[in-house]
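Reckoned from all heavy atoms, side chains included, excluding hydrogens, waters and symmetry mates.
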Number of protein chains: 2
Amino acid sequence: MLVGVTDTAGRLLSLLSLLQSPREWPGSELARRLGVSPRTIRRDVDRLRDLGYPVEATMGAEGGYRLVAGTAMPPLLLDDEEAVAIAVGLRTAARQTVAGIEEASVRAMAKLEQVLPARLRRRVSALGAATVPVVLGADGVTVDPEHLTVLASAIANRERLRFRYSAADGTPSGRHVEPLHLVPSGRRWYLVAFDPGRDDWRFFRVDRMTALSPTGARFAPRALPADDPATYLKEHMLSRAPTYPVVATVHLPARDVRARLPGAAVQEVDERTCRVSGLGDTVEYLAFHLVQLGCEFEVHEPPELVRHLRDLHDRIGRAISSG
Amino acid sequence: MLVGVTDTAGRLLSLLSLLQSPREWPGSELARRLGVSPRTIRRDVDRLRDLGYPVEATMGAEGGYRLVAGTAMPPLLLDDEEAVAIAVGLRTAARQTVAGIEEASVRAMAKLEQVLPARLRRRVSALGAATVPVVLGADGVTVDPEHLTVLASAIANRERLRFRYSAADGTPSGRHVEPLHLVPSGRRWYLVAFDPGRDDWRFFRVDRMTALSPTGARFAPRALPADDPATYLKEHMLSRAPTYPVVATVHLPARDVRARLPGAAVQEVDERTCRVSGLGDTVEYLAFHLVQLGCEFEVHEPPELVRHLRDLHDRIGRAISSG
DNA sequence: GGAATCGAGGGCGGGAACTGTCCGCATTCG
DNA sequence: CGAATGCGGACAGTTCCCGCCCTCGATTCC
């Protein structure tokens, strides 16, 4: 049998792949599948262990090998469908902007997209299109995951970027910038970039960018006039992004509300009533979460929210009266 | 220099890891990082290509290596944060039951969870708990992703499973079964399993199972008395799961509605009005999507939906009148 | 309790593969 | 044109891999 390291290394990868399915494999079976002797399988298992991937073995009849959790992530060997599932999962997660792992999400997306075979990419975008964007964005805008991956690549690769931008007042312009950071803020994403034409730093809302195209031209990254891009962004955005301090009384035990609205400040009033404040950043978002609790509640604080709920109330009223 | 295949294979993995970040790497830099000569790097790149992972090289100054999309998925080498991001993404995706990739999602979750280091697992569950379950389940029940991974492992590993089950009428019972399939249905999951005690096949709703514990005892999988678990389940469930045929008139161009409600049958009435039918399976779900469109609409068909909307209307009315 | 199955691991010999070095070549950018 | 980059052939020395022996320990089933 003609072999080489590519075979040895390839075999180790195949072995890793087999061991990653959540079941046990007897060494003889592995030997058969990989076309080597059981002795070699034992040695391969040792090699994997040397590499830091803990392979557990159960002895006796019915025994076998299994990859278990170690201290480092082993390389994930995915089949087509699993890769698609992960890509779709990341996209929906990015749309909803989960917790504090947005950057990591985007990095993982970029990494995956970079190596995702074309046929799978098609399936992912088809599925992505078929997925209901559950989050009702303030203005109905949801950020396009594709854009995020393109931006992440351009940043990592230090490539200049060309795109079209619609400013807040709607006036469009063409831009050519040196992208430096991608910063999540609420359910929005901002690109922090240096604009050589205007010789200054600029922030761009990702959902307002169109026709992204990395130019391929490299640049040497400049130092940001602040330690942290996020705080830099916050300073410059403070005046603009309105946040709604909400106060509402919810007729549900405080414990239940905390479980269903993590992130909100919940204050117990009595056994079955509590006061909720500071939920989110857009009235649509706030209204949705309050209604979604499915219990009685009263809104006290932001007049905008009350107005929005009144609209909702009227709209539903019309829907059922004319139907 | 003392080397071995574990070094060679390990180096190949490191190389793959470096090449997976979305940027270009000059060979000299790679050689420096991996502690080998540039010639070896070239050979390693060749080896990766032999393994089917297309490494692209750009010549000339400023050139370098980059991993591009090929025909097969290369092993994904993730850092801690990326792994957590993927795990969280899969969990939220599993909760929402995306499109037709549910099984793959669960398989990927099981694969990932199996090798996820403990410290990362803690972060994932913390983040998972902090994530708002956006989907308002019919009865507020969302399936626990952990359960799904445990079940998937038990199935793949052909392990008997013990758990407690609350039947539809609420009566609890202890079960000991041979799990065979996990079937998604709407936003619910069912386990298809053989119950040796009762000597027959049974279906269990995953959200009604508690105290899951694989016993470790193996079993030889029996043949299901049907070709396909999904259709088998459907036959047995047909009478129970009510689906609501909805008909509503929506005052929005048909094109827009199709974009925002994929899966629904949309029929154009005139330029700015259309008829929507057959959206989903629970009134809460239907109501949510109709309201979420943010436009005028009238509901014609299921009286349950009208009733639900009236409740919603009244509840919102009380919320804003007393606030 | 015995047999069968499975993992762990030492030793050996032949053959093969890996690495580094040196070389000339092609390509791209400034 | 020169510098940086990738490409790849040839060679020599080292070493490492593989399959085949073997024994031992653990576990399960009969």
Side-chain angles (χ1 to χ4, degrees), chain A residues 1-12 14-15 18-19 23-51 54-68 157-160 215-220, chain B residues 1-15 18-19 23-51 54-68 158-160 215-220:
Chain A
M1 192 173 289
L2 46 147
V3 280
V5 136
T6 97
D7 300 88
T8 312
R11 194 182 60 237
L12 280 182
S14 304
L15 188 56
L18 289 171
L19 292 177
R23 50 163 295 191
E24 289 210 333
W25 295 91
S28 51
E29 168 82 4
L30 294 173
R32 206 179 50 73
R33 290 214 177 206
L34 301 178
V36 291
S37 74
R39 183 67 184 93
T40 299
I41 291 295
R42 287 201 292 277
R43 277 196 271 248
D44 281 353
V45 167
D46 277 344
R47 285 197 259 265
L48 288 183
R49 288 177 179 147
D50 279 350
L51 286 173
V55 179
E56 206 171 65
T58 52
M59 306 196 66
E62 293 282 300
Y65 295 100
R66 205 167 85 252
L67 189 62
V68 299
N157 214 9
R158 297 165 181 183
E159 266 179 285
R160 283 221 181 75
T215 63
R218 295 290 178 71
F219 65 89
Chain B
M1 191 175 288
L2 48 146
V3 280
V5 136
T6 100
D7 301 85
T8 312
R11 196 183 56 238
L12 280 181
L13 284 177
S14 305
L15 187 56
L18 289 172
L19 292 178
R23 52 162 292 194
E24 290 211 333
W25 296 90
S28 53
E29 167 83 4
L30 294 172
R32 207 180 47 73
R33 289 216 179 207
L34 300 178
V36 292
S37 73
R39 183 68 183 93
T40 300
I41 292 295
R42 288 202 290 280
R43 277 196 270 248
D44 282 353
V45 167
D46 275 345
R47 284 196 258 265
L48 289 184
R49 288 176 179 150
D50 279 351
L51 286 173
V55 179
E56 207 171 64
T58 53
M59 307 198 64
E62 293 283 298
Y65 295 98
R66 203 165 89 255
L67 188 62
V68 298
R158 296 165 183 185
E159 266 181 285
R160 283 222 180 73
T215 62
R218 296 290 178 73
F219 64 90

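Comparing C:dG7, D:dG19, C:dG20 by their closest approach to the side chain of A:Ala57 singles out C:dG7. Here D:dG8 is the nucleotide among D:dC18, D:dG8, C:dA8 with the atom lying nearest to any side-chain atom of B:Arg39. Listed nucleotides: C:dG9, C:dC18, D:dT5. Nearest to the side chain of B:Pro26: D:dT5. The side chain of B:Met59 lies closest to D:dG6, out of D:dG6, C:dG7, C:dT19.
For the pair B:Leu15 CG and C:dT19 P, the interatomic distance rounds to 12 Å; values are reported in whole Å. Between the CG atom of B:Leu30 and the C1' atom of D:dA4 there is a distance of 15 Å, rounded to whole Å. Straight-line distance from the CD1 atom of B:Ile41 to the P atom of C:dT21: 14 Å, rounded to whole Å. Straight-line distance from the CZ atom of A:Arg11 to the P atom of C:dA16: 16 Å, rounded to whole Å. Straight-line distance from the CG atom of B:Asp7 to the P atom of D:dC16: 8 Å, rounded to whole Å. Rounded to whole Å, the distance from CG on B:Asp50 to P on D:dG8 is 11 Å. Counting to the nearest Å, the P atom of D:dC17 and the CG atom of A:Leu34 are 16 Å from each other. Rounding to whole angstrom units, CG of residue A:Leu48 and P of C:dG7 are separated by 15 Å.
Note on A:Thr8: a side-chain N or O is less than 4.0 Å away from OP1 or OP2 of D:dC18. Within the 4.0 Å cut-off from OP1 or OP2 of D:dC18, at least one side-chain nitrogen or oxygen of A:Arg47 is found. The shortest distance between the side-chain N/O atoms of B:Thr40 and the OP1/OP2 oxygens of C:dG20 is below 4.0 Å.
Within a 6.0 Å sphere centred on CZ of A:Arg158, other residues, nucleotides and ligands contribute 12 heavy atoms or fewer.
You'll find a donor-acceptor pair under 3.5 Å spanning the side chain of A:Arg42 and the base of C:dG9, going by distance alone.
Distance check, rounded to the nearest 0.5 Å: CZ of B:Arg66 to CD of B:Glu56 gives 5.0 Å. To the nearest 0.5 angstrom, A:Leu51 atom CG is 7.0 Å from A:Leu12 atom CG. The structure places OH of B:Tyr65 at 13.5 Å from CD of B:Glu29, a figure rounded to the nearest 0.5 Å.
No side-chain heavy atom of A:Leu30 sits under 4.5 Å from any side-chain heavy atom of A:Asp44.
Looking at which nucleotide of DNA chain C each of A:Arg49 and A:Arg43 is closest to, the 5′-most match is held by A:Arg49.
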